[in-house]
Visitor: 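Provided herewith is a single structure, encoded as structure tokens, for subsequent inquiry.
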Number of protein chains: 2
Amino acid sequence: MTYAEAKETFISTWGSLGTLWGINKAMAQIQALLFISPNALTTEEIMQELQISRGNTSMNVRQLIDWGIVKKELKAGERKEYYSTEKDVQELARTIAKERSRREIKPVIKTLAEISSVKDDGTAHTKELIKQTKALHDLALTANSILEKTVDHKQNWISKSILRLMK
Amino acid sequence: MTYAEAKETFISTWGSLGTLWGINKAMAQIQALLFISPNALTTEEIMQELQISRGNTSMNVRQLIDWGIVKKELKAGERKEYYSTEKDVQELARTIAKERSRREIKPVIKTLAEISSVKDDGTAHTKELIKQTKALHDLALTANSILEKTVDHKQNWISKSILRLMK
DNA sequence: TTTAATTTTCAAAAATTATTGAAACTTATG
DNA sequence: CATAAGTTTCAATAATTTTTGAAAATTAAA
């Protein structure tokens with residue numbers, strides 16, 4: 001496999017994985033490109049490499065910045081903006097986990113709490129709804145708590161010790 | 001909140017969450033409906049409750065069956081098929097984790113292994129590609145391993161002991 | 001200021017993904 | 001076997017999401 005092939009495969013694989021997990025392809029591919037690039041890139045370079053429009057690049061870079069995954073870099077004496085992504089995989093995972101928790105999981109937990117406290121009118125339907133949404137609420141709380149602990153844990157999350165504990 | 005409102009909110013919330021995570025809305029909503037239903041439902045009932053077509057129902061129920069989340073039930077003396085979903089949230093989480101690992105994570109790990117073993121031609125670009133995809137490969141392997149351990153672990157995954165260990 | 005480089009916005013177009021519904025298929029029953 | 005109940009398939013259509021590109025906005029330098 002040549003460098004060019006490896007690069008293309010990586011960017012396209014990352015794009016597809018993103019799509020599968022509800023992240024748009026351009027956004028995932030921009031992140032992939034920055035992730036393997038030794039230096040920060042300009043809008044022009046991103047457009048060129050991924051063959052996407054200026055508007056698309058601008059919007060998706062902004063989203064990546066909103067997610068806290070990409071940073072703007074300004075070079076002395078240059079007008080253009082340069083973009084770079086978080087290079088440390090663990091920090092990257094932490095940031096993504098934190099954001100998905102904040103944006104998606106926490107709001108669902110709140111909704112589940114409301115739903116599961118619906119007044120019990122004694123019917124089987126209502127009883128089942130309460131039982132099941134309570135169980136889901138519990139699971140979501142615990143899973144989210146682990147996610148958050150993981151996120152705070154500065155060193156070696158996904159540590160060998162946890163793995164050992166689970167064997 | 002009345003039962004009807006709670007039910008509607010649950011189904012619609014679950015559908016939206018699914019969409020956000022790359023699962024189609026109808027599929028997520030069918031699962032949600034079965035999840036809070038005290039008894040197994042027929043195609044007709046699902047269509048009726050969710051206001052979706054027969055074809056849509058058929059295809060998405062099939063997908064849920066493929067994922068191992070929904071089971072067909074046959075009632076003695078009845079021609080119709082009844083569908084029910086896994087009711088235990090932990091078992092549900094395990095099944096979903098296992099499937100996403102098998103379908104999505106493992107193939108990516110394989111690709112990352114291939115990419116990261118590209119021949120090092122000494123350029124900065126190649127060196128960075130190798131370094132970064134290796135790191136990602138490592139992370140994915142560890143994360144997937146935890147997922148698998150979790151899945152095998154019959155009792156109390158996401159257990160209090162792990163939580164305690166991480167505090 | 002004025003000009004020019006660069007980024008952002010957003011309506012329109014394109015691409016993708018989901019849904020419908022009717023025909024084809026399957027299978028249990030009289 | 002013939003019929004009817006029920007399920008699946010899939011081409012056409014609809015809905016949604018993404019992308020484009022040019023105009024507007026912003027900002028740095030002349």
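Sequence lines set the chain letters: A, B, ... in the order given, protein chains first and strands last, and positions in each chain run from 1. Remember, predicted model here, so these are calculated numbers, not experimental data.
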Visitor: For the side chain of Y83(A), starting at C-beta, report the closest nucleotide among dT7(C), dT8(D), dT9(C).
Guide: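 Among the listed nucleotides, the one closest to the side chain of Y83(A) is dT7(C).
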Visitor: With a cut-off of under 6.0 Å to the ring centre and 45° to the axis, is R100(B) in cation-pi contact with W21(A)?
Guide: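 Yes - R100(B) lies over the ring of W21(A), closer than 6.0 Å to its centre and within 45° of its axis.
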Visitor: Flag this pair as yes if the NZ/CZ of R103(B) is under 6.0 angstrom from the six-membered ring centre of W67(B) and inside a 45 degree cone about the axis; otherwise no.
Guide: yes
Visitor: Round to the nearest Å and state the distance from R54(B) atom CZ to dA22(C) atom C1'.
Guide: 11 Å
Visitor: Counting only side-chain N and O atoms of S53(A), is one of them less than 4.0 Å from OP1 or OP2 of dT19(D)?
Guide: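 For dT19(D), OP1/OP2 do not have a side-chain N/O of S53(A) under 4.0 Å.
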Visitor: Using a heavy-atom cut-off of under 4.0 Å over every strand shown, decide if T43(A) touches base, sugar-phosphate, or nothing.
Guide: sugar-phosphate
Visitor: Looking across every strand, which nucleic acid part, if any, lies under 4.0 Å from N56(B) by heavy atom: base, sugar-phosphate, or nothing?
Guide: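 The answer is base, as N56(B) lies within the cut-off (heavy atoms under 4.0 Å) of a base atom.
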Visitor: In whole Å, I'd like the distance from the CG atom of N60(B) to the P atom of dC10(D).
Guide: 16 Å
Visitor: Yes or no on side chain to side chain donor-acceptor pair (under 3.5 Å) for E114(A) and T111(A), after CA distance, side-chain angles and deciding distance?
Guide: CA-CA 5 Å; E114(A) 287 164 20; T111(A) 303; 5.1 Å; no
Visitor: Whole Å only: how far is the CD atom of E78(B) from the P atom of dT29(C)?
Guide: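 Going from E78(B) (CD) to dT29(C) (P), I get 11 Å.
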Visitor: Would you indicate what E81(A) reaches in the nucleic acid, counting non-hydrogen atoms under 4.0 angstrom: base, sugar-phosphate, or nothing?
Guide: sugar-phosphate
Visitor: For the pair made of CD in Q63(B) and C1' in dC10(D), what is the distance, rounded to whole Å?
Guide: 15 Å
Visitor: I'd like to know if E81(B) pairs up with K75(B) as an ion pair, taking the criterion as any Lys NZ or Arg NE/NH1/NH2 lying under 4.0 Å from an Asp or Glu carboxylate oxygen.
Guide: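 Between K75(B) and E81(B) there is no salt bridge, as every charged N stays at least 4.0 Å from the carboxylate O atoms.
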Visitor: On DNA chain D, nearest-nucleotide positions of Y82(B) versus M59(A): which is more 5'?
Guide: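 Nearest nucleotide further toward 5': that of Y82(B).
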Visitor: Within the pair N24(A) and dT19(D), is there a side-chain N or O less than 4.0 Å away from OP1 or OP2?
Guide: yes
Visitor: Roughly, in whole Å, what's the span from CG in L50(A) to P in dT18(D)?
Guide: 16 Å
Visitor: May I ask you to check if K72(A) and Y82(A) form a cation-pi contact, with NZ or CZ under 6.0 angstrom from the six-membered ring centre and within 45° of the axis?
Guide: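 Ring-cation test returns no.
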Visitor: What is the separation between atom CZ on R79(A) and atom P on dA25(D), rounded to the nearest whole Å?
Guide: 17 Å
Visitor: Report the distance from atom CD1 of I52(A) to atom P of dT20(D), rounded to the nearest whole Å.
Guide: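 Nearest whole value for this atom pair: 7 Å.
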Visitor: Mind calculating the distance between NZ (K72(A)) and C1' (dT7(C)) to the nearest angstrom?
Guide: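 Atom NZ in K72(A) sits about 8 Å away from atom C1' in dT7(C).
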